[in-house]
Amino acid sequence: MNPPTFLDKLPELRVGTRLSEQLAEALVVSIRDGQLPSGERLPTESALVQRFGVSRTVVREALSRLKTMGLIESRQGSGAFVKNSSQSSADQLVLTSDGSVNAVIQMVEMRRALEAESAALAAARRTPADIKSIKEKIAALERAVAAGGDGVAEDVAFHTAIATAANNPFLLATLAYLNQFLRDATRVTRANESTRSDFAQQVRDEHAQIVKCIEAGDTTAARMAGAMHMVNAAERIARADPKFWAQQGVRLADRLRSELGAPQTPTKKASRK
(Lines give C-alpha, C1' and ligand atoms only; values in the text may rest on other atoms or scores of the structure.)
Protein backbone atom coordinates (compact mmCIF):
# COMPACT_ATOMS: atom_id res chain seq x y z
CA MET A 1 0.00 0.00 0.00
CA ASN A 2 1.37 3.40 -0.97
CA PRO A 3 1.95 5.90 1.86
CA PRO A 4 -0.63 8.72 2.09
CA THR A 5 0.15 11.79 0.01
CA PHE A 6 -0.23 15.41 1.07
CA LEU A 7 -3.64 15.52 -0.62
CA ASP A 8 -4.78 12.48 1.35
CA LYS A 9 -3.98 14.27 4.61
CA LEU A 10 -6.14 17.30 3.86
CA PRO A 11 -9.48 17.26 5.75
CA GLU A 12 -12.75 16.72 3.93
CA LEU A 13 -14.78 19.84 3.14
CA ARG A 14 -17.95 20.36 5.16
CA VAL A 15 -21.41 20.81 3.68
CA GLY A 16 -23.06 24.17 4.30
CA THR A 17 -19.86 26.22 4.48
CA ARG A 18 -18.22 28.21 1.69
CA LEU A 19 -15.98 25.65 0.00
CA SER A 20 -13.27 28.05 -1.17
CA GLU A 21 -12.81 29.33 2.42
CA GLN A 22 -12.55 25.79 3.76
CA LEU A 23 -9.98 24.81 1.16
CA ALA A 24 -7.96 27.98 1.79
CA GLU A 25 -8.09 27.28 5.52
CA ALA A 26 -6.81 23.71 5.06
CA LEU A 27 -3.92 24.87 2.86
CA VAL A 28 -3.01 27.69 5.25
CA VAL A 29 -2.81 25.29 8.18
CA SER A 30 -0.67 22.89 6.11
CA ILE A 31 1.76 25.68 5.25
CA ARG A 32 1.94 26.98 8.83
CA ASP A 33 2.48 23.44 10.15
CA GLY A 34 5.29 22.75 7.67
CA GLN A 35 3.48 20.06 5.68
CA LEU A 36 4.02 22.32 2.69
CA PRO A 37 7.51 23.78 3.27
CA SER A 38 8.97 26.91 1.66
CA GLY A 39 9.58 26.44 -2.05
CA GLU A 40 7.24 23.45 -2.30
CA ARG A 41 4.96 23.28 -5.31
CA LEU A 42 1.27 23.13 -4.45
CA PRO A 43 -0.91 20.39 -5.95
CA THR A 44 -2.25 21.36 -9.37
CA GLU A 45 -5.71 22.80 -9.83
CA SER A 46 -6.77 19.53 -11.44
CA ALA A 47 -5.49 17.51 -8.48
CA LEU A 48 -7.36 19.71 -5.98
CA VAL A 49 -10.54 19.58 -8.09
CA GLN A 50 -10.36 15.79 -8.23
CA ARG A 51 -9.51 15.39 -4.53
CA PHE A 52 -12.40 17.51 -3.24
CA GLY A 53 -14.93 17.23 -6.06
CA VAL A 54 -15.21 21.00 -6.42
CA SER A 55 -15.06 23.35 -9.39
CA ARG A 56 -11.95 25.09 -10.66
CA THR A 57 -13.54 28.37 -9.54
CA VAL A 58 -13.53 27.16 -5.93
CA VAL A 59 -9.88 26.14 -6.18
CA ARG A 60 -8.86 29.43 -7.79
CA GLU A 61 -10.67 31.46 -5.12
CA ALA A 62 -8.87 29.50 -2.40
CA LEU A 63 -5.48 30.00 -4.03
CA SER A 64 -6.25 33.69 -4.51
CA ARG A 65 -6.76 34.00 -0.74
CA LEU A 66 -3.35 32.44 -0.10
CA LYS A 67 -1.72 34.86 -2.55
CA THR A 68 -3.40 37.81 -0.77
CA MET A 69 -1.95 36.52 2.51
CA GLY A 70 1.51 36.41 0.93
CA LEU A 71 1.87 32.67 1.47
CA ILE A 72 2.16 31.49 -2.14
CA GLU A 73 3.28 32.80 -5.51
CA SER A 74 2.52 31.80 -9.08
CA ARG A 75 5.32 30.96 -11.50
CA GLN A 76 4.51 31.19 -15.17
CA GLY A 77 4.07 27.72 -16.60
CA SER A 78 5.06 25.99 -13.34
CA GLY A 79 2.14 26.44 -10.97
CA ALA A 80 1.84 27.84 -7.45
CA PHE A 81 4.63 27.55 -4.87
CA VAL A 82 4.91 28.24 -1.16
CA LYS A 83 6.86 31.45 -0.72
CA ASN A 84 10.29 31.22 0.84
CA SER A 85 10.27 32.79 4.30
CA SER A 86 13.11 35.10 3.26
CA GLN A 87 11.00 36.47 0.40
CA SER A 88 8.32 37.85 2.69
CA SER A 89 10.22 38.31 5.93
CA ALA A 90 9.39 42.01 6.01
CA ASP A 91 5.68 41.14 5.99
CA GLN A 92 5.83 38.38 8.58
CA LEU A 93 4.55 38.82 12.08
CA VAL A 94 7.39 38.29 14.55
CA LEU A 95 6.67 38.16 18.25
CA THR A 96 8.77 37.45 21.30
CA SER A 97 7.88 37.11 24.95
CA ASP A 98 9.95 37.13 28.12
CA GLY A 99 7.51 34.83 29.90
CA SER A 100 6.77 37.35 32.66
CA VAL A 101 3.39 37.90 34.26
CA ASN A 102 3.10 41.12 32.25
CA ALA A 103 3.72 39.19 29.03
CA VAL A 104 1.01 36.69 29.94
CA ILE A 105 -1.47 39.49 30.64
CA GLN A 106 -0.52 41.19 27.36
CA MET A 107 -1.15 37.92 25.52
CA VAL A 108 -4.56 37.67 27.19
CA GLU A 109 -5.31 41.26 26.16
CA MET A 110 -4.46 40.42 22.56
CA ARG A 111 -6.67 37.32 22.72
CA ARG A 112 -9.58 39.46 23.92
CA ALA A 113 -10.00 41.03 20.48
CA LEU A 114 -9.53 37.74 18.63
CA GLU A 115 -11.75 35.63 20.88
CA ALA A 116 -14.54 38.22 20.93
CA GLU A 117 -14.78 38.46 17.15
CA SER A 118 -14.21 34.72 16.75
CA ALA A 119 -17.20 33.98 18.99
CA ALA A 120 -19.37 36.55 17.21
CA LEU A 121 -18.58 35.15 13.76
CA ALA A 122 -19.11 31.61 15.05
CA ALA A 123 -22.56 32.62 16.31
CA ALA A 124 -23.42 33.99 12.87
CA ARG A 125 -22.01 31.12 10.79
CA ARG A 126 -22.07 27.99 12.96
CA THR A 127 -23.42 24.76 11.56
CA PRO A 128 -24.81 21.81 13.55
CA ALA A 129 -21.46 20.08 12.98
CA ASP A 130 -19.63 23.10 14.43
CA ILE A 131 -21.81 23.10 17.56
CA LYS A 132 -21.21 19.39 18.00
CA SER A 133 -17.45 19.89 17.69
CA ILE A 134 -17.39 22.78 20.19
CA LYS A 135 -19.40 20.78 22.74
CA GLU A 136 -17.14 17.77 22.25
CA LYS A 137 -14.11 19.96 23.00
CA ILE A 138 -15.75 21.27 26.19
CA ALA A 139 -16.50 17.69 27.29
CA ALA A 140 -12.90 16.68 26.56
CA LEU A 141 -11.67 19.62 28.65
CA GLU A 142 -13.83 18.58 31.59
CA ARG A 143 -12.62 14.97 31.34
CA ALA A 144 -8.98 16.07 31.23
CA VAL A 145 -9.35 18.22 34.34
CA ALA A 146 -11.31 15.51 36.18
CA ALA A 147 -8.48 13.08 35.40
CA GLY A 148 -5.96 15.43 37.01
CA GLY A 149 -4.61 17.04 33.84
CA ASP A 150 -4.03 20.74 33.28
CA GLY A 151 -6.46 20.89 30.36
CA VAL A 152 -4.17 23.18 28.36
CA ALA A 153 -4.33 21.29 25.06
CA GLU A 154 -8.08 20.80 25.46
CA ASP A 155 -8.62 24.49 26.28
CA VAL A 156 -6.73 25.53 23.15
CA ALA A 157 -8.70 22.96 21.10
CA PHE A 158 -11.97 24.45 22.41
CA HIS A 159 -11.08 27.94 21.27
CA THR A 160 -9.77 26.59 17.96
CA ALA A 161 -13.13 24.87 17.38
CA ILE A 162 -14.84 28.24 17.84
CA ALA A 163 -12.43 29.85 15.36
CA THR A 164 -13.15 27.04 12.91
CA ALA A 165 -16.89 27.72 13.25
CA ALA A 166 -16.17 31.38 12.49
CA ASN A 167 -15.27 30.16 9.00
CA ASN A 168 -12.59 32.77 8.34
CA PRO A 169 -9.27 31.33 7.11
CA PHE A 170 -7.38 34.53 7.97
CA LEU A 171 -8.55 34.37 11.58
CA LEU A 172 -7.72 30.67 11.82
CA ALA A 173 -4.27 31.22 10.30
CA THR A 174 -3.55 34.01 12.77
CA LEU A 175 -4.52 31.79 15.70
CA ALA A 176 -2.47 28.91 14.25
CA TYR A 177 0.61 31.15 14.28
CA LEU A 178 -0.12 32.55 17.73
CA ASN A 179 -0.72 29.12 19.27
CA GLN A 180 3.01 28.79 19.98
CA PHE A 181 2.55 31.66 22.45
CA LEU A 182 -1.08 31.07 23.44
CA ARG A 183 -0.44 27.52 24.60
CA ASP A 184 2.15 28.66 27.14
CA ALA A 185 0.09 31.64 28.28
CA THR A 186 -2.86 29.26 28.69
CA ARG A 187 -0.64 26.96 30.74
CA VAL A 188 0.03 29.81 33.17
CA THR A 189 -3.60 30.98 33.37
CA ARG A 190 -4.95 27.47 33.89
CA ALA A 191 -2.32 26.67 36.50
CA ASN A 192 -3.35 29.79 38.40
CA GLU A 193 -7.05 29.05 38.02
CA SER A 194 -6.59 25.52 39.36
CA THR A 195 -5.30 26.94 42.67
CA ARG A 196 -8.76 28.21 43.61
CA SER A 197 -12.12 26.48 43.20
CA ASP A 198 -13.89 29.78 42.57
CA PHE A 199 -11.49 30.57 39.71
CA ALA A 200 -12.07 27.13 38.17
CA GLN A 201 -15.84 27.50 38.40
CA GLN A 202 -15.71 30.95 36.82
CA VAL A 203 -13.86 29.51 33.83
CA ARG A 204 -16.43 26.72 33.42
CA ASP A 205 -19.28 29.24 33.61
CA GLU A 206 -17.61 31.54 31.08
CA HIS A 207 -17.02 28.69 28.63
CA ALA A 208 -20.65 27.57 29.01
CA GLN A 209 -21.88 31.11 28.34
CA ILE A 210 -19.81 31.37 25.15
CA VAL A 211 -21.19 28.06 23.87
CA LYS A 212 -24.77 29.06 24.78
CA CYS A 213 -24.51 32.35 22.86
CA ILE A 214 -22.93 30.73 19.80
CA GLU A 215 -25.55 27.97 19.72
CA ALA A 216 -28.31 30.59 20.03
CA GLY A 217 -26.85 32.55 17.12
CA ASP A 218 -26.65 35.71 19.24
CA THR A 219 -23.63 37.51 17.77
CA THR A 220 -23.74 40.47 20.18
CA ALA A 221 -23.92 38.29 23.27
CA ALA A 222 -21.28 35.90 21.89
CA ARG A 223 -18.88 38.79 21.25
CA MET A 224 -19.41 40.05 24.80
CA ALA A 225 -18.99 36.57 26.29
CA GLY A 226 -15.75 35.99 24.39
CA ALA A 227 -14.35 39.36 25.43
CA MET A 228 -15.35 39.01 29.08
CA HIS A 229 -13.74 35.58 29.28
CA MET A 230 -10.39 37.17 28.41
CA VAL A 231 -10.98 40.21 30.65
CA ASN A 232 -11.71 37.91 33.55
CA ALA A 233 -8.67 35.75 32.75
CA ALA A 234 -6.45 38.83 33.06
CA GLU A 235 -8.12 39.76 36.34
CA ARG A 236 -7.57 36.25 37.70
CA ILE A 237 -3.86 36.53 36.90
CA ALA A 238 -3.75 39.94 38.60
CA ARG A 239 -5.46 38.42 41.68
CA ALA A 240 -3.15 35.41 41.83
CA ASP A 241 -1.59 34.53 45.16
CA PRO A 242 1.95 36.01 45.12
CA LYS A 243 3.22 32.58 46.13
CA PHE A 244 1.87 31.15 42.86
CA TRP A 245 3.95 33.47 40.70
CA ALA A 246 6.98 33.17 42.96
CA GLN A 247 6.91 29.38 42.72
CA GLN A 248 4.90 27.64 40.00
CA GLY A 249 4.56 30.77 37.89
CA VAL A 250 8.33 31.18 37.64
CA ARG A 251 8.74 27.56 36.55
CA LEU A 252 6.12 27.96 33.83
CA ALA A 253 7.59 31.27 32.73
CA ASP A 254 11.05 29.72 32.48
CA ARG A 255 9.60 26.99 30.29
CA LEU A 256 8.21 29.65 27.99
CA ARG A 257 11.53 31.52 28.00
CA SER A 258 13.38 28.32 27.14
CA GLU A 259 11.09 27.55 24.21
CA LEU A 260 11.55 31.10 22.90
CA GLY A 261 15.31 31.07 23.43
CA ALA A 262 15.19 33.83 26.04
CA PRO A 263 17.35 34.00 29.19
CA GLN A 264 16.11 32.11 32.23
CA THR A 265 15.15 33.73 35.52
CA PRO A 266 18.36 34.45 37.44
CA THR A 267 18.82 32.32 40.51
CA LYS A 268 19.19 34.41 43.65
CA LYS A 269 22.42 33.80 45.48
CA ALA A 270 22.32 33.21 49.18
CA SER A 271 23.44 36.25 51.06
CA ARG A 272 26.55 35.97 53.21
CA LYS A 273 26.24 36.74 56.85
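If you check the side chains of Arg60 and Ser55, you find no donor sitting under 3.5 Å from an acceptor. Judged purely by distance below 3.5 Å, without hydrogens or angles, the side chains of Asp130 and Thr127 pair a donor atom with an acceptor atom. Looking only at atom types and distance, the side chain of Glu115 has no donor-acceptor partner in the side chain of His229 under 3.5 Å away. Side-chain contact of Asp205 with Gln209: a donor-acceptor pair under 3.5 Å is absent, judged by distance alone. Defined by atom type and a distance below 3.5 Å, a donor-acceptor pair is missing between the side-chain atoms of Lys83 and Ser38.
Salt bridge status for Glu206 with Arg204: absent, with no side-chain N to carboxylate O gap under 4.0 Å. One finds a salt bridge joining Arg56 and Glu45 here, because a Lys/Arg side-chain nitrogen approaches an Asp/Glu carboxylate oxygen to under 4.0 Å.
The two residues Ser74 and Lys67 come nearest to each other via the heavy atoms OG-NZ, 2.6 Å. Scanning both residues, Arg112 and Ala227, for their nearest heavy atoms gives CG-O, 3.8 Å. Across all their heavy atoms, Leu42 and Leu66 have their closest contact at CD2-CD2, 4.5 Å. Considering all non-hydrogen atoms of both residues, Ala123 and Ala222 come closest at CB-CB, 3.8 Å. Residues Ala221 and Cys213 approach most closely at CB-SG, 3.6 Å, considering heavy atoms. Between Ala161 and Lys137 the shortest heavy-atom distance is CB-CG, 3.9 Å.
Leu23 and Val82 end up in the same hydrophobic cluster when Ile, Leu, Val, Met, Phe, Trp and Tyr side chains are linked at under 4.5 Å. Hydrophobic clustering (side-chain heavy atoms under 4.5 Å, transitive across Ile, Leu, Val, Met, Phe, Trp, Tyr) keeps Val203 apart from Leu141.
No side-chain heavy atom of Val59 sits under 4.5 Å from any side-chain heavy atom of Thr57. Looking only at side-chain heavy atoms (C-beta outward), Glu40 and Pro37 come within less than 4.5 Å of each other. Contact of the Phe81 side chain with the Ile72 side chain is not registered, since no non-hydrogen atoms from C-beta on lie closer than 4.5 Å.
Here the CZ atom belonging to Arg126 is positioned 10.0 Å from the OG1 atom belonging to Thr219, to the nearest 0.5 angstrom.
Ile210 belongs to a hydrophobic cluster whose remaining members, ordered by chain and number, are Ile131, Ile134, Ile138, Phe158, Ile162, Val211, Ile214; membership requires side-chain heavy atoms of ILVMFWY residues under 4.5 Å apart, directly or through intermediates.
Ala216 is linked by a side chain to side chain contact (heavy atoms under 4.5 Å, CB included) to nothing, counting only residues two or more places apart in sequence or in another chain. Looking at residues two or more places apart in sequence or on another chain, you find a salt bridge (charged side-chain N to carboxylate O under 4.0 Å, His left out) between Lys135 and Glu215.
Applying the 6.0 Å contact sphere to CD of Glu136 captures more than 12 heavy atoms from other residues, nucleotides or ligands.
For Ser30 (side chain) and Ala26 (main-chain N/O), a donor-acceptor pair under 3.5 Å exists by modelled atom type.
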message = Set out, in order, the CA-CA distance, both residues' side-chain angles and the distance that settles side-chain contact (heavy atoms from CB on, under 4.5 Å) for Glu142 and His207, then state yes or no.
response = CA-CA 11 Å; Glu142 293 299 325; His207 281 171; 5.8 Å; no
task = Evaluate the criterion salt bridge (charged side-chain N to carboxylate O under 4.0 Å, His left out) for residue pair Arg223 and Glu117; output intermediate values, then yes/no.
result = CA-CA 6 Å; Arg223 181 180 288 109; Glu117 198 58 32; 3.2 Å; yes
